[in-house]
Structures are given as structure tokens and as C-alpha cells.
Amino acid sequence: MTLSRILRPFAAFGAAALLVLGAAGCDAIGQKGGEPADGTTVKVTKVGAKKPKTDPATEYACTQFFGDPDYVSPEYFQAIAMGASALEIGGTNEYLFQSAAEELRGTFEESTEDVKGAADAVADWIETESAKGKDADTDAFKGALEGLASACAPMSVHATWASGGGEKGKKPAKLVCAELATKPQLFTEYRNGNVFTSNSFKAVGFYGKHVPESDLPKVRNLNDLLQNEIDNVDDEGVKNALIEVQEPFRSVLDGDRDSSGSRKKLDGFGAACEAAGYEGAVDLPAEDPGETGEGAEGGELAGE
């Protein structure tokens, strides 16, 4: 997945305020323990607590940014792609990053102040930190994105997981498929804009390779990522397919550094995602694109 396929304009949305309502039942005045003194029966009706209400415009902006419920090219992944692009071309195209920052601010312009402020922090990083190029502080960028995810979490399933929340075994299969198929891996050991499939070929090979010891941290990082998705996904078909995808990673980490590659395993993952309602998770060439990744999804960053 190249950055150019990920990047597209953000959108702006409407506004209002965050409101939480609740109510509870109470005993009749003068009653002891909810019963009248004369022993007669009194029917007490309790009003159940109402679910928190959210500002519709803010909820719309959050779900649009995080891509709920289908997770097809969410703007959140596009923002991460801007971070990866900053490492690659930062300082050479100021207009690109300023435009992306303005569009991101526009998406949340009419949101509640807490969400708007969190979005501004992400936009500020894109606008200013990106100028440092390969020296840009990606840890600060990750923190800003997590802040926005936390602000949107009450309104977005994806934001809940992106902020570090979510209940084990309850992660939507579509979201798992989207993360592995289209999320730039800026925050992995690879620190680039490639998606999982492209980096997996570099880690354990397309149809096989000998994995040098120096690459073991990258293999371990991707294996941990797969294990996290296996533990959390809510679909058995996708879970079983991911266990198969994980096999060459586990084999290398167990000591057999002559990997069988990940190409064939990924076909099963793509089929499982399609069965779960997410199409196009895997669209790979039959021939090995080579160690440079040319011809595969994603692209190398300068200095990688």
C-alpha cells in the first residue's frame, strides 16, 4: 500500500455539546426501607440509568476519522501515513504537510473542545515536526494520536482499540483485517509507511529466505503484533488464518532461520477476511517482489 494510495483529503463536520444523563429510583417519603408504616403494599417504579448522550457532530467526525464500522481507508491511517511521509520527505514539501494539518483541523472544527484540542495536537505535529524529516519525533506523534483516540473512544470502536482499550476477544474482524492490510507500520520496528504484508516479506521472505540474526528483533515485533490480533479478534475464521500467518515467524524465533515465507499463508488470511465482510485484505503478486519491496504494497523510507 503506497502512501499515495492512502492519502486523501479530510472532511469537516457540524457541532454541539457532550451531555450525560441518568436517573435512579427512590423510596417514597416517610417510608421505612421503602415500605409504608401500615404494612400495605406500595408499587415503586425505578427508572433505569440512561446511556450517555454524545454530540452528533463530534460522534460523526470521530467515526469518520476512525472509519467505523467498515474501516475502509480510515483517515486515522492516512494521518499515520503523513507521519511516515514526514520521515521520508519532511522538509522538502512544506505545503503538503500544512494542507494535511488544515484538513485535519477542519474535520474536527465543530467538535467539542476536548476532541478538537486533541485533533489540534495531531495537526500541529504534522505541520511543524514533519519539517525535521527522518529526525521527526514519532513517539510524540504516537502520543498525540493516542490522545485523539482517547477523546473519541466513547464514540468509536476503532478509537477505543487505538487508545489501548477494548475487551479481549471482542475486536471486530473487519478492524483486524484493515489494520494488517492498510495500516502504515510507522510504529513498528520497521518505522516506515509499509503495511504488514510488505514488511512481512522483508522479515521472513516472500516464498522463503534465510533470516539473519540482525533481523530477529523485527521478526519478533511482527510476531507480537500478530499474537495481539489473534488474542483479540472476535472471528474464529480470521483467528485461525492469523495463526497460520504467524507460523513462519514462530518458526524463525524458535531457531529455524531458514524461513518458508509468508506469501501462501496470507492467501488464507485474505479469504478469511472476505468471509468476515472485509474484501481486498490481500492482493499480492504471484512473483517475489524482492527485498526492496518494489512491486509490493508500501514503500521504503529514506535511510531504511
Do we see a donor-acceptor contact under 3.5 Å between the side chains of Asn228 and Asn232? yes

How are the rings of Phe141 and Phe187 set to each other: parallel, tilted or perpendicular (split at 30° and 60°)? tilted

Within-4.5 Å side-chain heavy-atom neighbours: Ser156 and Phe65: no

Taking the side chain as C-beta and beyond, is there a heavy-atom pair between Cys62 and Met155 under 4.5 Å? yes

Distance in Å, Leu87 CG paired with Arg191 CZ, rounded so as to fall on 0.5 Å steps: 4.5 Å

Testing the basics here: between Ser262 and Val204, what is the closest heavy-atom pair and its distance to 0.1 Å? CB-CG2, 4.0 Å

Looking at NZ of Lys183 and CG of Leu225, how far apart are the two atoms once the value is rounded to the nearest 0.5 Å? 7.5 Å

Salt bridge or not between Glu109 and Lys116? Use side-chain N to carboxylate O under 4.0 Å. no

Just wondering, do Val195 and Leu180 contact through their side chains at under 4.5 Å, heavy atoms? no

Taking the six-membered ring of Tyr190, is the NZ or CZ of Lys202 close enough (under 6.0 Å from the centre) and on axis enough (within 45°)? no

May I ask you to test the Leu266-Ser200 pair for a side-chain heavy-atom distance under 4.5 Å? yes

How close do Ser259 and Val252 get, counting heavy atoms only, and between which atoms? CB-CG2, 3.8 Å

Specify whether Phe66 and Tyr76 have parallel, tilted or perpendicular ring planes, treating 30° as the upper limit for parallel and 60° as the lower limit for perpendicular. tilted

Output the distance between atom OG (Ser260) and atom NZ (Lys265), rounded to the nearest 0.5 Å. 6.0 Å

CD1 of Ile230 to CD1 of Ile243, rounded to nearest 0.5 Å, is 5.0 Å

Atom CZ in Phe97, atom OG1 in Thr92: separation rounded to 0.5 Å? 6.5 Å

Of all heavy-atom pairs linking Ala178 and Phe77, the shortest is O-CE1, 3.7 Å

Judged by modelled atom types alone, do Asn199 and Gln185 share a side-chain donor-acceptor pair under 3.5 Å? yes

Evaluate the side-chain proximity of Lys174 to His158: yes if any heavy-atom separation is below 4.5 Å, no if none is. no

Counting C-beta onward and ignoring hydrogens, is there a side-chain heavy-atom pair between Val238 and Tyr278 closer than 4.5 Å? no

Regarding Glu102 and Arg105, does a basic nitrogen lie under 4.0 Å from an acidic carboxylate oxygen? no

Hey, any chance Phe206 and Val282 share a hydrophobic cluster, counting ILVMFWY side chains that come within less than 4.5 Å of each other, even indirectly? yes

